[in-house]
Number of protein chains: 2
Amino acid sequence: MSPEKSPEPAARSLFSLQRRERLMEQLRAHGSVTVRGLAAELGVSELTIRRDVNILADAGLVSRVHGGATLPSPLDRSASLSRHQANRYAIGMVVPSLDYYWPQVISGARAEAEDQQARIVVRGSSYDAADNRRQVQALLDTQNIDGLIVAPDMRGEAGHELLRWLNALPIPVILAERRSPADIPAHRLEWVATDHAFGAGMAIRHLWQEGHRKIGCLTDSSSPTSSHVVRGWRQAIAALRIPEEESVSEDSARVPAGERTAHFDRVLEMCRDTGTSAMLVHSDTQAVAFVQHCVDRGVDVPGSMAVVGYDDEVAYLAEPAISAVRPPKQYVGRVAVQLVTARLAEGRKRPVHRIQLNPDLIVRESSLGSPRAAADAGLASTT
Amino acid sequence: MSPEKSPEPAARSLFSLQRRERLMEQLRAHGSVTVRGLAAELGVSELTIRRDVNILADAGLVSRVHGGATLPSPLDRSASLSRHQANRYAIGMVVPSLDYYWPQVISGARAEAEDQQARIVVRGSSYDAADNRRQVQALLDTQNIDGLIVAPDMRGEAGHELLRWLNALPIPVILAERRSPADIPAHRLEWVATDHAFGAGMAIRHLWQEGHRKIGCLTDSSSPTSSHVVRGWRQAIAALRIPEEESVSEDSARVPAGERTAHFDRVLEMCRDTGTSAMLVHSDTQAVAFVQHCVDRGVDVPGSMAVVGYDDEVAYLAEPAISAVRPPKQYVGRVAVQLVTARLAEGRKRPVHRIQLNPDLIVRESSLGSPRAAADAGLASTT
DNA sequence: TCTGAAACGTTCAAACTCGAACAATGGTTG
DNA sequence: CAACCATTGTTCGAGTTTGAACGTTTCAGA
């Protein structure tokens, strides 16, 4: 049966076709793959991956290079690339990061673009409206772009101005993992986003079903996802009649990097005071850090503290492996490209689409089993 | 639903169809199946399963791989020609009405089904959960239905039970112009719906731009659209800083048919008392009746009372022709079919999609021009 | 330019899967 | 009632996939 499509090593063998699909996903996400890295990741021999690369190169889908493969390159003169089709559209993508979360969005976008004879031009940016605008402008100035997929910083007046500017561009603009606020006149903008509130709710219900009756939330409000996660957590604990005023909900945004240890100690102390036995932690990197901190303090995960992460980027790497809410990043990219190309093909008669996608919950060791008694020594104060 | 683990004696040809349905179910759930595993599970020979896989591959429903089958893969070059086989899927549609609003939804669904070699089977129902369920069950009992598009009545416990039942069906179910409530565990249901709140807001902003400063709302809460329209009206007047408590907002649901004239007289009196010079009226039929009533009472439309209808089904027939918010009904049907067929093709790996489409505002005579002075004779009390 | 490490390609074997050919069975039809 | 058809199962030779082993090629650093 098909394993989870995470970077996590494959637990079961894949059919060869599925392995090549995974190879293509990694390639689209990162621009290149290594034979050695992929063999380790997929649990097969380097020879097998090398054979796959050869098959894909023969099909014109990759450029074979020493040690691995890259996305098809115009510099690659092998005969197979003569299959390279003319591109109907050029779609620009400006994403906040090229190494966390967004590579899979890009991978999905590239896969869909391939299906639709479009090409994707990616620029990395940041969580800053001015930088976002600079990158979009640079794309528009230097390439013949037919449509845009962006994940703009929408905070403050600079963010609002950016949205109005994007709305006024003469080409289709799709927001990925962003929703245009109702009170900003940006009615042409279409978007596709994960329903993070639903994802948070799913995590809380899972922890409830594992027996936890006090479930907290640890987020980082510098991330645009954060407010949705908190909203979902709130709605879910309300539905379960867990009093919010007795629940731990902390924001790490203003904690200086050097004070994270103290911050986590305060969080653990609040957990002890309130009897909280489970935490939803956004994002994965913070979940990994939090779990490591618990282990350092002798707090057993999941015995004394169950943890669910968010994003499912690195949760599987922790010890114990951390459960996580997994947004459908590949599909976000795919659907964004579908929105661009449909808009280009159909024009104004097509109604503006706004699409929410539901995430999955990936259950691992960090949240299995019911909580031990609250008096358990593992939740004692730090010394 | 967990079917029996061993085949029962049955008509052999019927059994082979059921076996292929089981195969497709496993495939959609897990992404791939092995010939060996499925033969063991279904108690037949591997050759039988292999023959089934070949049949399904020829129909374009699976990709055949060494040892089993996967969902159709873009890397599989052998299956693509077969995707054009006629009537790949049968899609059932159960709609509340066959003569208002829904015919265009069905039309859009049929157009998309034609593009995708699917066939649509329609049953009319009503705004009643028990009737909705009877019609769905009748469809399922008498036809081999692969997916469903429904617009169920979701009010009360009967409506909630219907949603849970729909959620548990083993085939894809799409809600058209309905959104499953967040507090009902119906997480598999996908939907496509018009953003009626946005539509109402668009109408209010149009009337504001035409110079109206007091804008009311007349709805009919027996319609599921109504609550969204009221919410949009509220948000829009809040954004325009029109005090809601000084605004006319009336519900016609409980007005007996014989008392409509008196009801409209009361509404006009409230308008006079509050200086309301424009009304958003849901639905079109009520807008036509309201405009006719205004004319009967000597209230000039749009001079003394501007009116915008909703649904754009019959608004154009009135004299004067009535502006209306037009939901993208054809696209609702189209997108619903796209959701069904994508679910059938991609199975469980595809995230649940929830899609909002923006309506258009069609401006006609009934809302053009600024309001005349409040003292205008045309808004005098009825005699 | 040389060298060692890494990567690649070829060969062969093991394990597993496929499918043609043929047979058996039960239902349908003339 | 016999002939025909659809469906399913068995057998066995052919085919596919993967990895080990080993010789060859490539690349980066000294």
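Numbers restart at 1 for each chain; the letters A, B, ... are given by sequence-line order, proteins then strands. These figures come from a predicted structure and were not determined experimentally.
When the C1' atom of D:dT18 is taken as reference, atom CG of A:Asp52 falls 11 Å away, rounded to whole Å. Look at CZ on A:Arg50: it is 12 Å from P on D:dG19, rounded to the nearest Å. With rounding to whole Å, A:Leu38 atom CG is found 13 Å from C:dA7 atom P. If you measure from atom CD of A:Glu46 to atom C1' of D:dA20, you get 13 Å, rounded to the nearest angstrom. Here the P atom of nucleotide C:dG9 and the NE2 atom of A:His66 are 9 Å apart, to the nearest Å. Here D:dT18 presents its P atom at 9 Å from CD1 of A:Ile49, a figure rounded to the nearest Å. To the nearest angstrom, P of D:dT18 lies 11 Å from CZ of A:Phe15. Taking atom CG of B:Leu47 as the reference point, atom C1' of C:dA23 lies 13 Å away to the nearest angstrom.
Among the atoms of the strands shown, only primed sugar atoms or phosphate atoms (P, OP1, OP2) are found under 4.0 Å from some heavy atom of A:Val65. Within 4.0 Å of A:Arg19, counting heavy atoms only, lie sugar-phosphate atoms of the nucleic acid but no base atom.
A:Thr48 has a side-chain polar atom (N or O) that falls below the 4.0 Å cut-off from OP1 or OP2 of D:dG19.
Of the candidates C:dC18, C:dT17, C:dA7, C:dT17 carries the atom nearest the B:Arg36 side chain, counting heavy atoms from C-beta on.
A:Thr341 contributes a side-chain N or O that, together with a main-chain N or O of A:Val337, makes up a donor-acceptor pair within less than 3.5 Å.
B:Arg22 has a carboxylate O that lies under 4.0 Å from a charged side-chain N of B:Glu41, or vice versa, which qualifies the two as a salt bridge.
In this model, no donor atom of one side chain and acceptor atom of the other lie less than 3.5 Å apart for B:Thr70 and A:Gln18.
At a cut-off of 3.5 angstrom, counting only N and O atoms as typed in the model, there is a donor on one side and an acceptor on the other between the side-chain of B:Arg51 and the base of D:dG9.
Of the residues A:Lys329, A:Met93, A:Gln330, the one that meets the side-chain contact (heavy atoms from CB on, under 4.5 Å) test with A:Ile106 is A:Met93.
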